[in-house]
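One structure is given below, encoded as structure tokens.
Treat the numbers as computed from the prediction; the structure is a model and nothing was measured. Labels below follow one simple rule: chain letters A, B, ... track the order of the sequence lines, proteins then strands, and each chain is numbered from 1. Values reported hereafter were calculated over all heavy atoms of this structure, with side chains retained and with hydrogens, waters and symmetry mates removed.
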There are 2 protein chains.
Amino acid sequence: MSDVARRAGVSLSTVSRALRGAPGVSPAVRAKVARAAAELSYVVSRDASSLVTGATGRVAAIVPFLRPWFFGAALAGISAELRAAGLDMLVYEVGDAEGLDSYVRALPLRRNVDAVIAVSLDLDDRETKQLDEIGVPVVYCSQRAEGRPSVFIDNAAAAAAATRFLLNLGHRRIAYVQSRDETGFSWISRHRRDGYLQAMAEAGAEAVVVTERDGPRGGAAAAARLLGAPNPPTALFAESDDVAMGALGVLRRSRVPVPEAVSVVGFDNHDVAEVLDLTTVAQPVSELGAAAARLAARLLRGGADPAEHVLLPTELVVRRSASAPRTAPGPTPEIPTDRRGRL
Amino acid sequence: MSDVARRAGVSLSTVSRALRGAPGVSPAVRAKVARAAAELSYVVSRDASSLVTGATGRVAAIVPFLRPWFFGAALAGISAELRAAGLDMLVYEVGDAEGLDSYVRALPLRRNVDAVIAVSLDLDDRETKQLDEIGVPVVYCSQRAEGRPSVFIDNAAAAAAATRFLLNLGHRRIAYVQSRDETGFSWISRHRRDGYLQAMAEAGAEAVVVTERDGPRGGAAAAARLLGAPNPPTALFAESDDVAMGALGVLRRSRVPVPEAVSVVGFDNHDVAEVLDLTTVAQPVSELGAAAARLAARLLRGGADPAEHVLLPTELVVRRSASAPRTAPGPTPEIPTDRRGRL
DNA sequence: ACTTGAAATGGCAACGTTTGCATCCATCTG
DNA sequence: CAGATGGATGCAAACGTTGCCATTTCAAGT
């Protein structure tokens, strides 16, 4: 910076003020400084600034995993908003609860970020309190944390609506497919299941919940299990599109026509759901991230309620993987004459 | 840090040395300092360290987009390796070439990261030179940059092999589906197309290249166009699984049986490819990222050739979306009697 | 006992910024 | 025309580390 000062013929303070757009610099000098900085391709060192201002200009996004579609979409929203606020995004993949635990205990974020955005982390009380200790504001994304800033959807209501959609189509035997990862049930799936259970109970229908591992593999396993049941369901409601897609794969390979023999509904509106004609509950994933990032930025500016909750809407996207059940259902699904084009 | 020093009853220098594991500290003192730091839940400020050491402990990963499956997988690999090296990962989504341009011009990385990993950025010479100006080592991931450290696969060879696979099955009319984003052809697609063209030429088969927009939508459009051709191809080789999945969607909705009437081959081995039974060229995406991160870390330690190239292998994953063509091909594809289970 | 050397520790300057305060100068007011 | 006002600018002290150098301590060798 002193190089820039020398080149522009002014003092360090003036350069600092000019480059930050701080008031108290004449337009002429400001331009001169800008030119000198450009000529030297100089940029301020955030580290040095942080040292005196105390702000790092960085926000950490903590995700359990990086590969699933959901997190890429969420990070895209976060990234865009953070950049608009002039903040950089650090990304940490913490894995399961155990990984998170060891991660949080090490407190590497302590004085190295201004805020943390925890994406879909499924924390229990103890872990939430641990995060409080980091010493910077934590915004919860795709997750409701009482008394703390969070952005989320109403998973229970959305799942109930999707379930009622199937019920209203005439389905009675609707199975819910949930995943159990190594670390127990996830917060999100729990809520979706509760919505399903409630809708089923209200309709007087018998609930069937099958639990398999996460992802398409789990969905495949669940479909296999349900096809082997004495009285197989006419509809599957999967915790996520990933799971639903696994089930669709098994059904297709088994030549069980969807939706004629079995209807399938997912959750997320995954990018691939459209291609698969999967009826699903769409949630605004990127917007979830964006809202969390905006909330974090507002928190840093001091203009936000530190316990603000943002509820985002969901929408049932009706495609062709779910329809009214066959009127005369039998235990052995027949192949309908779909070559006639009769849906 | 002075708090820790006071509590441990030693000087600042000693605390600094003890906490960094530097030599010249007695085990007793080291333990005492560690305890004091833990009691105060103190962690060193990287910013302050950076100021004097000149190293930031941060590496930037620049990706064009965050949503596609590919980048999540790549970032997962990068993240894991960087963490193993004690480095933090900053992620920037730069969008298309124009976004990258304005981004690089602003040089925000200049003195704020130790290295940059450019993931699948499709840069021309001018842009590559621009990146050189950042002043920190740049590692190219999923992209070959002459004279610069890069990690990549042999796209042309892999595409040629996939094309020959179709040729050897008996296909002659094989179309290649490529995408054109707003910024022109991508580097990667170009190479894959070249491999396809070469294999077709060697077999004396006529090449057909269709260009549509990127992603499943583009694949859908391409499939629609090919179905409307006078002599439609018996096989589609798509630039990526995303594109292939779009094509599969159109074919399924149109009741064109895959692979009986049309074989489809993709590229990437997307997580969903397995569920869709998509035959595809698998590339080790996470490993691509991991290798790039390792290379970056090695570069920072000074123990790497600054022009090192890492070539990773690909593998043709044969599933059920591609098979030998029907022996008596006709212009109007018939529905084969697939209910008999005859593949 | 005295020297020698190595290991452990402390003191202090420096890293590149920001910011409060002092200073300077030009313009406006009475 | 003197004095007040206020904007532009410079000076210097921090911020929390690290790393060089000096000092102390202690054990071993004479």
> Would you call T128(B) and L131(B) a side-chain contact if the rule is heavy atoms closer than 4.5 Å?
Replying inline: no
>> Which residue is it: R46(A), R83(A), R58(A)? I am looking for the one with a salt bridge (charged side-chain N to carboxylate O under 4.0 Å, His left out) to D88(A).
In response: R46(A)
In whole Å, what is the span from the [atom1] atom of [X] to the [atom2] atom of [N]?
X	N	atom1	atom2	value
L51(B)	dG16(D)	CG	P	12 Å
D47(B)	dA14(C)	CG	C1'	17 Å
R6(B)	dG10(C)	CZ	P	14 Å
L19(B)	dG19(D)	CG	C1'	16 Å

>> Does a side-chain N or O of T14(B) approach OP1 or OP2 of dT9(C) to a distance below 4.0 Å, or not?
In response: no
> Taking only residues two or more places apart in sequence or in another chain, which ones pass ring pair (Phe, Tyr, Trp, His ring centres under 6.0 Å) with F70(A)?
Replying inline: none
> What is the per-nucleotide protein-contact pattern of nucleotides 18-26 of chain C, from the 5' end, where B denotes a base atom under 4.0 Å from a protein heavy atom, S denotes such proximity for sugar-phosphate atoms only, and - denotes neither?
Replying inline: BBB------
> Mind checking what makes side chain to side chain donor-acceptor pair (under 3.5 Å) contact with R148(A), not counting sequence neighbours?
Replying inline: D132(A)
> Among pairs that include at least one residue of residues 104-133 of chain A, which meet ring-ring contact (aromatic ring centres under 6.0 Å, His included), considering only residues two or more places apart or in two chains?
Replying inline: none
>> For residues 101-144 of chain B, which residue pairs pass the ring-ring contact (aromatic ring centres under 6.0 Å, His included) check, not counting sequence neighbours?
In response: Y92(B)-Y103(B)
> Roughly how far, to the nearest 0.5 Å, is OG of S150(B) from CG of L295(B)?
Replying inline: 8.0 Å
>> Under a 4.0 Å threshold between the charged nitrogen and the carboxylate oxygen, would R298(B) count as salt-bridged to E308(B)?
In response: yes
> Which residues within residues 24-43 of chain A lie with some heavy atom under 4.0 Å of an atom in DNA chain D?
Replying inline: G24(A), V25(A), S26(A), V29(A)
